[in-house]
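Single-structure report; data block below.
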Amino acid sequence: MHRTYSMRQSRAPTASQIQNPPPPSSSTKTGRFFGKSSVGHAFRKSTAGAFGPDLAKKLSQLVKMEKNVMRSMELVGRERMEVAQQLSIWGEACDDDVSDVTDKLGVLIYEVGELEDQFVDRYDQYRVTIKSIRNIEASVQPSRDRKQKITDQIAQLKYKEPNSPRIVVLEQELVRAEAESLVAEAQLSNITREKLKAAFTYQFDALREHSEKLAIIAGYGKHLLELVDDTPVTPGETRQAYDGYEASKAIIQDCEDALTNWVTANAAVAPKLSTRARNLSQRRKQRTQGEGVDLSGQDSSLKDRESGLWVPAGAHREYGDDGEEEEEEEEEEVASGHHPEERGREGERAVEA
């Protein structure tokens with residue numbers, strides 16, 4: 001939050017970031033080939049899956065649509081920061097209590113914008129993991145095509161030249177192609193399941209943290225509103241002098257501490273299965289693995305749960321979402337022009353400094 005109202009002089013890692021280090025900045029933030037308009041959204045969605053292997057087209061479109069979602073969330077975060085600054089500017093000319101509270105509310109709303117920016121980075125973990133499934137699908141497509149091509153050649157020869165010696169050779173090649181395809185299909189099946197669970201675990205963990213922190217900010221924001229004297233006054237009557245500066249500052253500091261110290265273990269909302277849902281889940285698990293469902297590890301680190309089964313996306317033949325190199329590498333980086341430290345009013349910042 002704004003250093004003017006904070007006991008911290010720098011942004012130290014929060015407890016949640018220490019427990020689960022933040023990911024690198026989202027790839028969607030690096031440049032705008034089509035600017036900030038919706039033209040880029042429409043183009044990405046319409047061209048996704050137009051090129052590349054048939055097997056990966058549907059997932060390619062999903063990946064592109066998720067990029068549109070992330071770009072929209074990024075825009076919302078930036079504009080929310082601008083709204084926070086404008087709220088503070090408007091309140092500056094109001095009475096003392098309204099002026100102080102609106103400035104502090106601007107600090108909280110600016111923090112919401114920063115949380116949304118951090119959420120985009122974590123959401124990108126989900127998108128990148130889904131892309132790894134797409135890359136596997138793309139690598140499996142050639143084996144399918146080869147098997148189908150040999151099958152068609154055998155059928156054509158049997159129709160035109162039933163006694164051709166090449167039929168035997170092609171049948172041997174088909175056996176080898178089927179064996180290769182069998183291995184590739186098994187790998188695709190295993191990786192799809194593992195990475196699907198990993199991807200949405202990233203997304204749901206990010207959603208959970210983001211929502212909990214938004215609820216914290218909302219709660220402290222309502223405490224700030226209590227400092228505004230909304231008692232009606234008659235014409236000519238003077239309100240009591242405002243003396244809530246220290247209180248508003250303390251509320252901001254308490255909110256900051258709550259956000260800093262939040263970890264998943266302290267989450268206020270915990271998922272609870274009904275007895276029926278839990279029993280049905282356990283029955284299914286017992287049929288497949290011979291054991292009950294253990295939900296105790298649902299909040300454990302993803303690094304501890306992911307096995308080494310999957311092959312990193314970099315080990316597969318990469319192709320862009322549109323059949324070429326990733327557009328993230330083609331787009332030119334454009335600076336956003338927003339800085340986290342530009343919160344609150346410059347005059348008040350100088351006084352408290």
Side-chain angles (χ1 to χ4, degrees), residues 1-18 22 25 29 73-122 206-207 209-230 239 241-263 266 268 335-353:
M1 295 183 179
H2 194 325
R3 296 175 186 174
T4 301
Y5 314 124
S6 170
M7 297 177 65
R8 292 185 299 175
Q9 296 303 312
S10 62
R11 277 193 165 272
T14 64
S16 177
Q17 290 173 336
I18 294 175
S25 180
K29 297 178 181 178
M73 291 189 294
E74 183 185 349
L75 179 61
V76 169
R78 289 200 308 268
E79 294 190 343
R80 195 181 295 276
M81 295 177 191
E82 294 175 357
V83 165
Q85 293 171 346
Q86 189 62 30
L87 174 63
S88 179
I89 292 172
W90 165 76
E92 190 171 8
C94 298
D95 293 338
D96 290 346
D97 56 347
V98 175
S99 177
D100 181 53
V101 170
T102 54
D103 197 34
K104 302 301 192 295
L105 289 175
V107 173
L108 293 184
I109 295 174
Y110 198 102
E111 184 71 14
V112 171
E114 288 197 334
L115 287 177
E116 288 171 342
D117 187 68
Q118 296 170 16
F119 176 68
V120 170
D121 293 337
R122 292 194 178 277
L207 279 170
E209 178 175 351
H210 185 63
S211 300
E212 289 267 346
K213 290 185 175 181
L214 288 181
I216 290 173
I217 292 176
Y220 282 99
K222 295 187 70 173
H223 282 303
L224 278 174
L225 294 178
E226 295 298 324
L227 299 177
V228 177
D229 182 10
D230 60 349
R239 292 187 184 274
Y242 177 67
D243 59 354
Y245 293 105
E246 291 299 321
S248 65
K249 180 178 178 179
I251 291 173
I252 290 294
Q253 292 172 347
D254 288 346
C255 182
E256 179 182 85
D257 292 341
L259 294 174
T260 300
N261 297 325
W262 185 92
V263 291
N266 298 335
S336 63
H338 296 276
H339 305 283
E341 62 272 14
E342 295 178 359
R343 284 175 286 183
R345 300 185 190 124
E346 293 294 332
E348 193 169 321
R349 186 181 311 168
V351 171
E352 297 200 19

Quick one, C255 and L259 - any side-chain contact, counting heavy atoms below 4.5 Å? yes
4.5 Å side-chain heavy-atom contact, D97 and L227: no
So which atom in A84 and which in G106 form the shortest heavy-atom distance, rounded to 0.1 Å? CB-O, 3.1 Å
G221 versus L105, closest heavy-atom pair with distance: O-CD2, 4.0 Å
Closest heavy-atom contact between L115 and I217? CD1-CD1, 3.6 Å
Would you check if the side chain of E116 reaches a backbone N or O of M73 as a donor-acceptor pair within less than 3.5 Å? no
Would C94 and T102 count as a side chain to side chain contact (heavy atoms under 4.5 Å, CB included) if you check the C-alpha gap in whole Å, the side-chain angles of each, and the deciding distance to 0.1 Å? CA-CA 9 Å; C94 298; T102 54; over 6 Å; no
Is it true that E74 and R78 make a salt bridge, defined as a side-chain N closer than 4.0 Å to a carboxylate O? yes
Compare all side-chain heavy atoms of R80 with those of I109 and state whether any distance is below 4.5 angstrom. yes
Looking at CG of L108 and CD of E256, how far apart are the two atoms once the value is rounded to the nearest 0.5 Å? 10.5 Å
Side chains of L207 and F119 in contact at under 4.5 Å (non-hydrogen atoms): yes
Is there a donor-acceptor contact under 3.5 Å from the side chain of R239 to the main chain of D229? yes
Does E209 reach the side chain of Q118, with side-chain heavy atoms less than 4.5 Å apart? no
Would you say Y242 and D95 make side-chain contact, with heavy atoms under 4.5 Å? no
Flag the pair I216 / Y220 as yes when at least one side-chain heavy-atom distance between them is below 4.5 Å, and no otherwise. yes
Supply the atom-to-atom distance H223 NE2 to I251 CD1, rounded to the nearest 0.5 angstrom. 7.0 Å
Closer than 3.5 angstrom, by distance alone: can the side chain of N261 be matched with the main-chain N or O of D257 as a donor-acceptor pair? yes
